[in-house]
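Sequence lines set the chain letters: A, B, ... in the order given, protein chains first and strands last, and positions in each chain run from 1. The structure presented is a predicted model; accordingly, all values stated were derived computationally and were not measured. Below, all heavy atoms of this structure are taken into account, side chains as well, without hydrogens, waters or symmetry copies.
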Amino acid sequence: MSNFAERIIVWQQQHGRHNLPWQDAGAYGIWLSEIMLQQTQVSTVIPYYLRFMATFPDIGSLANASEERVLALWSGLGYYARGRNLHRAAKIIADQYQGVFPRLYEQILELPGIGRSTAAAICALAYFERRAILDGNVKRVLSRYCGFSGWSGEYLNLLWLQAEALLPNHDIACYTQALMDMGATLCKRSKPACSACPVQQSCHAFLTGRIAELPTPRPRKSIPVKDCHFLLLLHGDDILLEKRPEMGIWGGLWCMPQFDDMQALESWCAGLDMGSHLDKHGKSCFKQYPSFIHTFTHFKWDITPVIRLVNRKPKPTQKTEHIWMNILDAEKSAIPTPVRKLLQHLN
DNA sequence: AAGACGGGGTC
DNA sequence: GACCCAGTCTT
């Protein structure tokens with residue numbers, strides 16, 4: 001038994017977080033929380049988690065829901081493939097496991113959206129199995145504690161080995177939560193509270209003065225800015241939305257028709273039965289609004305909203321699905337954050 | 001092995 | 001504005 005584990009288990013009992021809504025929620029709640037917590041912080045997740053559990057209190061109700069309703073509850077969280085995978089996994093559990101969350105690590109790992117770390121977290125927290133996790137928090141804690149630098153695959157392999165070597169033989173759920181809570185509240189990326197750390201005395205980075213440089217930040221590439229135009233086609237209180245393809249940005253979500261430039265937007269409109277784009281004064285019916293920037297992981301979008309009021313509702317005949325929706329209803333639908341902002345602006 | 005995939009928080 | 005965060009999936 002490592003001294004490391006003993007110390008952080010004691011720390012967890014005294015200083016860890018014990019009131020998170022998914023603690024003692026069973027495998028389903030722990031699974032849901034772990035998926036939401038991928039790349040997303042606790043304070044952001046909590047309201048989403050509570051709403052989700054209130055709407056889908058068990059795996060069966062989640063499996064029976066439409067993907068539409070699941071994504072609507074996920075709207076604003078980002079990484080929407082997580083929501084789609086969660087829904088797919090719920091259907092698999094309903095079909096293959098009678099709606100009961102599987103008990104074995106190998107079965108859990110097979111489910112869509114669950115990788116090595118999440119499967120281990122569920123097994124440790126829900127089933128008290130002795131398994132190592134390695135998420136962003138644990139990577140930071142162990143990189144510092146062990147003094148590992150780098151970002152390569154070999155570095156990750158070493159961290160996994162250490163994560164397994166340091167596991168205790170008891171209190172595995174407490175230990176797992178301790179690693180996450182320490183990373184979130186003590187061993188932060190900047191200005192970590194080393195003076196309050198239970199393993200300061202044996203932390204390699206602390207003892208060698210390398211806290212600030214570990215873990216090694218991965219080299220960032222400069223991200224490109226792309227222009228695009230959103231068409232806000234309005235008929236009274238109704239707006240035309242289209243369903244985005246499953247793969248790619250905002251997969252499966254509803255969004256205004258999007259174009260690379262004004263010319264593509266106008267020629268698309270020309271194919272629809274909405275009359276001339278010139279009014280009786282010979283001026284364009286398209287009204288451009290100030291653009292705004294939306295940042296993704298790997299590029300930025302400079303979005304120009306273009307409003308066009310129409311007297312009738314043209315029906316696009318593309319392969320992609322379109323729908324005319326009341327603006328207030330649209331705000332409750334499966335839409336990404338910039339679309340939500342635009343809709344709220346219309347009110 | 002590297003790139004794709006969101007959004008909010010922090011400094 | 002740059003950087004970070006309870007990763008997984010695709011290519």
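Around atom CG of A:D261, more than 12 heavy atoms belonging to other residues, nucleotides or ligands sit under 6.0 Å away. Counting heavy atoms of neighbouring residues, nucleotides and ligands inside a 6.0 Å radius, atom CD of A:E213 exceeds 12 of them.
Listed nucleotides C:dG7, C:dC9, B:dG6 differ in distance to A:F296; the shortest reach to its side chain belongs to B:dG6. With distances taken from any side-chain atom of A:R140 to the nucleotides B:dG6, C:dC4, B:dG8, the minimum falls on C:dC4. Set against C:dT8, B:dG8, B:dG6, the side chain of A:T337 has B:dG8 as its closest nucleotide.
In terms of position along DNA chain C, the nucleotide closest to A:Q177 lies nearer the 5' end than the nucleotide closest to the other residue of the pair A:P112 and A:Q177. Map A:Y79 and A:K191 each onto its nearest nucleotide of DNA chain B; the residue landing nearer the 5' end is A:Y79.
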Note to self: As a quick check of understanding, evaluate ring pair (Phe, Tyr, Trp, His ring centres under 6.0 Å) for A:F296 and A:W250, giving each step before the final call.
What the structure shows: CA-CA 11 Å; A:F296 297 96; A:W250 299 333; 5.5 Å; yes
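Take A:E246 and apply the side-chain hydrogen bond (donor to acceptor under 3.5 Å, both in side chains) test, not counting sequence neighbours, and it matches A:R84.
One finds no side-chain N or O of A:T118 lying less than 4.0 angstrom from the OP1 or OP2 phosphate oxygen of C:dG7.
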Validation: residues 154-165 of chain A side-chain donor-acceptor distances under 3.5 Å, sequence neighbours left out:
unit_1	atom_1	unit_2	atom_2	d
A:Y155	OH	A:S143	OG	2.5
A:N157	ND2	A:G153	O	3.4
A:E164	OE2	A:R116	NH2	3.2

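Residue A:I8 is tested with A:L186, A:V141, A:V199 for a side chain to side chain contact (heavy atoms under 4.5 Å, CB included); the sole match is A:V199.
For the segment residues 39-46 of chain A, residues with any heavy atom less than 4.0 angstrom from an atom of DNA chain C are, sorted by number, A:Q39, A:Q41, A:V42.
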